[in-house]
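Heads up: the structure comes next, in structure tokens.
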Amino acid sequence: MCLSIEMEAFKVASISSPEDFFSACKVRPIVSCVNSPSSKMAWLVTHILSPLLEHIPCHLSNIHQHLDTLRSIPPGDLSGRNFCTADISALYTNLDILACIKSVIDFAEQNVDHLNLRGLQLVDVHEILDAVLLNSYFTYDGRLYKQLQGLFMGCAPSPIAAVIRVFMFERSTLYADVQFLPIYGRYIDDAYTLASSRTEAVELFRNIGKEDPDGLIAWEVDFPDKEGDWTPFLGTEVRVVNDKIESQFYRKPTRKRIILHFKSHHPLRMKIQTTRNFYHTAERSSSPSHVEQSREVVDNLLPAPG
């Protein structure tokens, strides 16, 4: 439901989130903040706060980091365990903005020695975050809308705020006892772990969600139905077979086969490099026995758009 209020020479309709507004449409809106009044402030505060992600032990900085971690695990520690994943439903929408800002500033205070504040103080960074995250507007059909609930997906500091906020929940559960740290990693709203049963996996993620005072963090757990089944995660598929980690390149069946067309006006070297990157990613994502299967995925992908 929208509530229209007069604001100077235009009308502003306040809504909970763009997802609520577009609920009748078969789209997932991601509204860009590029060239908005707050875009330069958003860039500045994102540049200042980005180093904080390096101090979150479970944060994945790239799609291969989880494979490097898993491949380093001794076979004995893999015995009887399965690779499983979980996804937070509507993470950005279900996070409280003020709580996110407080978590970011608190974490920044704990790691201030690792930040280049560009001559500012943390109180200044706090004010910028307030201005950027509490004033998320977008236009649709000639009207101006303001988001009232959740982080704006197209706003530059939103991913940092979301990662740090969820880490506050993880720190109270997963990292409460440093002697029993689980094998766990997360990229924004996608996480993985090793568990001996679905019940164990569900309990782990449920405990993290319980730390949310608003009770809105809900995980959807993907656990293999039987031993040897593949589980997708960040462009890869992973499984545990005979106490060993196996992996291969993965593309969602529903993903559009849209890549750079060979007859496009892009430079030839860019087209060649795009092809090389696909094969490089496929090979790096695969264990030795599955490299050929991963190459075949790319072979079938590239001719599709021409």
Side-chain angles (χ1 to χ4, degrees), residues 50-88 91 107 111 114 159-160 162-198 200-209 219-224 227-252 277 280-291 293-294 297:
S50 291
L52 290 176
L53 299 179
E54 300 174 6
H55 301 280
I56 297 179
C58 60
H59 174 64
L60 301 175
S61 58
N62 59 67
I63 66 170
H64 302 294
Q65 189 174 347
H66 68 290
L67 295 177
D68 295 337
T69 300
L70 291 169
R71 289 166 180 167
S72 66
I73 300 174
D77 293 342
L78 295 173
S79 179
R81 309 178 80 179
N82 288 284
F83 177 85
C84 59
T85 64
D87 171 74
I88 302 177
L91 173 61
F107 196 57
N111 297 278
H114 302 282
I160 297 175
V163 169
I164 293 176
R165 181 59 178 161
V166 176
F167 175 62
M168 296 297 107
F169 307 150
E170 294 163 339
R171 189 164 64 175
S172 301
T173 54
L174 303 182
Y175 298 96
D177 189 347
V178 295
Q179 294 183 348
F180 298 96
L181 295 179
I183 298 169
Y184 175 89
R186 176 174 54 85
Y187 180 76
I188 304 182
D189 59 349
D190 293 310
Y192 80 89
T193 189
L194 293 175
S196 57
S197 66
R198 180 183 294 274
E200 178 185 336
V202 170
E203 185 66 19
L204 182 146
F205 291 109
R206 182 185 292 130
N207 288 337
I208 297 174
W219 296 84
E220 297 178 1
V221 179
D222 185 5
F223 193 89
E227 185 178 353
D229 282 356
W230 294 100
T231 302
F233 186 68
L234 297 184
T236 66
E237 284 185 309
V238 183
R239 66 182 181 182
V240 180
V241 178
N242 298 325
D243 300 341
K244 293 182 180 180
I245 290 291
E246 294 185 354
S247 61
Q248 63 184 13
F249 185 59
Y250 176 72
R251 297 276 291 188
K252 289 184 179 179
N277 286 340
H280 175 73
T281 300
E283 291 168 3
R284 187 176 176 188
S285 301
S286 306
S287 48
S289 59
H290 296 281
V291 171
Q293 294 95 313
S294 296
V297 174

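The model shown is predicted, which means the values in this text are computed figures rather than measured ones. If you read the sequence from its start, that first residue is 1, and numbering goes on from there.
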task = Could you tell me which non-hydrogen atom of Arg284 sits nearest to which non-hydrogen atom of Leu67, and how far apart they are?
result = O-CD1, 4.2 Å
query = Do His114 and Glu54 come close enough that some side-chain heavy atom pair is under 4.5 Å?
reply = no
task = Indicate the atoms forming the closest heavy-atom contact of Ile56 with Ile164, along with that distance.
result = CD1-CG1, 3.9 Å
ask   = When rounded to the nearest 0.5 angstrom, what is the spacing between CZ in Arg165 and CG in Leu91?
value = 11.0 Å
With a 3.5 Å cut-off and sequence neighbours excluded, list the donor-acceptor pairs that the side chains of residues 191-198 form with protein atoms.
unit_1, atom_1, unit_2, atom_2, d
Thr193, OG1, Ile183, O, 2.7
Ser196, OG, Glu200, OE1, 2.4
Ser197, OG, Glu200, N, 3.2
Arg198, NH2, Phe223, O, 2.9

query = If you measure only the distance, is there a donor-acceptor pair under 3.5 Å linking the side chains of Ser287 and Arg71?
reply = no
Report all side-chain donor-acceptor pairs from residues 232-246 shorter than 3.5 Å, counting only partners two or more places apart or in another chain.
unit_1, atom_1, unit_2, atom_2, d
Thr236, OG1, His66, NE2, 3.1
Thr236, OG1, Phe233, O, 2.6
Glu237, OE1, Gln248, NE2, 2.8
Arg239, NE, Glu246, OE1, 2.9
Arg239, NH1, Gly228, O, 2.9
Arg239, NH2, Glu246, OE1, 2.9
Glu246, OE1, His290, NE2, 3.0

query = Any side-chain heavy atom of Phe167 within less than 4.5 Å of one from Pro57?
reply = yes
key: Rounded distance (nearest 0.5 Å) linking atom CZ of Phe169 with atom CZ of Phe205   = 15.0 Å
inquiry  = Rounded at 0.5 Å granularity, tell me how far CH2 in Trp219 sits from CG in Asn207.
reply    = 12.0 Å
query = Which atom pair, heavy atoms only, marks the closest approach of Val163 to Arg186?
reply = O-NH2, 3.1 Å
remark   = dist Cys58:SG -> Ile208:CD1 (nearest 0.5 Å) comes out at 8.0 Å
note = Smallest heavy-atom separation, Ala201 atom then Val221 atom, equals CB-CG1, 4.2 Å
message = Less than 4.5 Å apart, side chain to side chain, heavy atoms only: is that true for Leu204 and Leu174?
response = yes
query = Is there side-chain contact between Tyr187 and Gln65, with heavy atoms separated by less than 4.5 Å?
reply = no
ask   = Is it true that atom CD of Gln293 has more than 12 heavy atoms of other residues, nucleotides or ligands lying nearer than 6.0 Å?
value = yes
ask   = How long is the span from the NE2 atom in His64 to the OG atom in Ser285, to the nearest 0.5 Å?
value = 4.5 Å
Thr231 versus Cys84, closest heavy-atom pair with distance = CG2-CA, 4.3 Å
ask   = Which atom names give the shortest non-hydrogen contact between Thr85 and Phe83, and what distance separates them?
value = CG2-CE2, 3.6 Å
inquiry  = For the CZ atom of Phe249 and the OG atom of Ser286, what is their distance to the nearest 0.5 Å?
reply    = 8.5 Å
ask   = Is a donor on one side and an acceptor on the other found under 3.5 Å between the side chain of Ser79 and the backbone of Pro75?
value = no
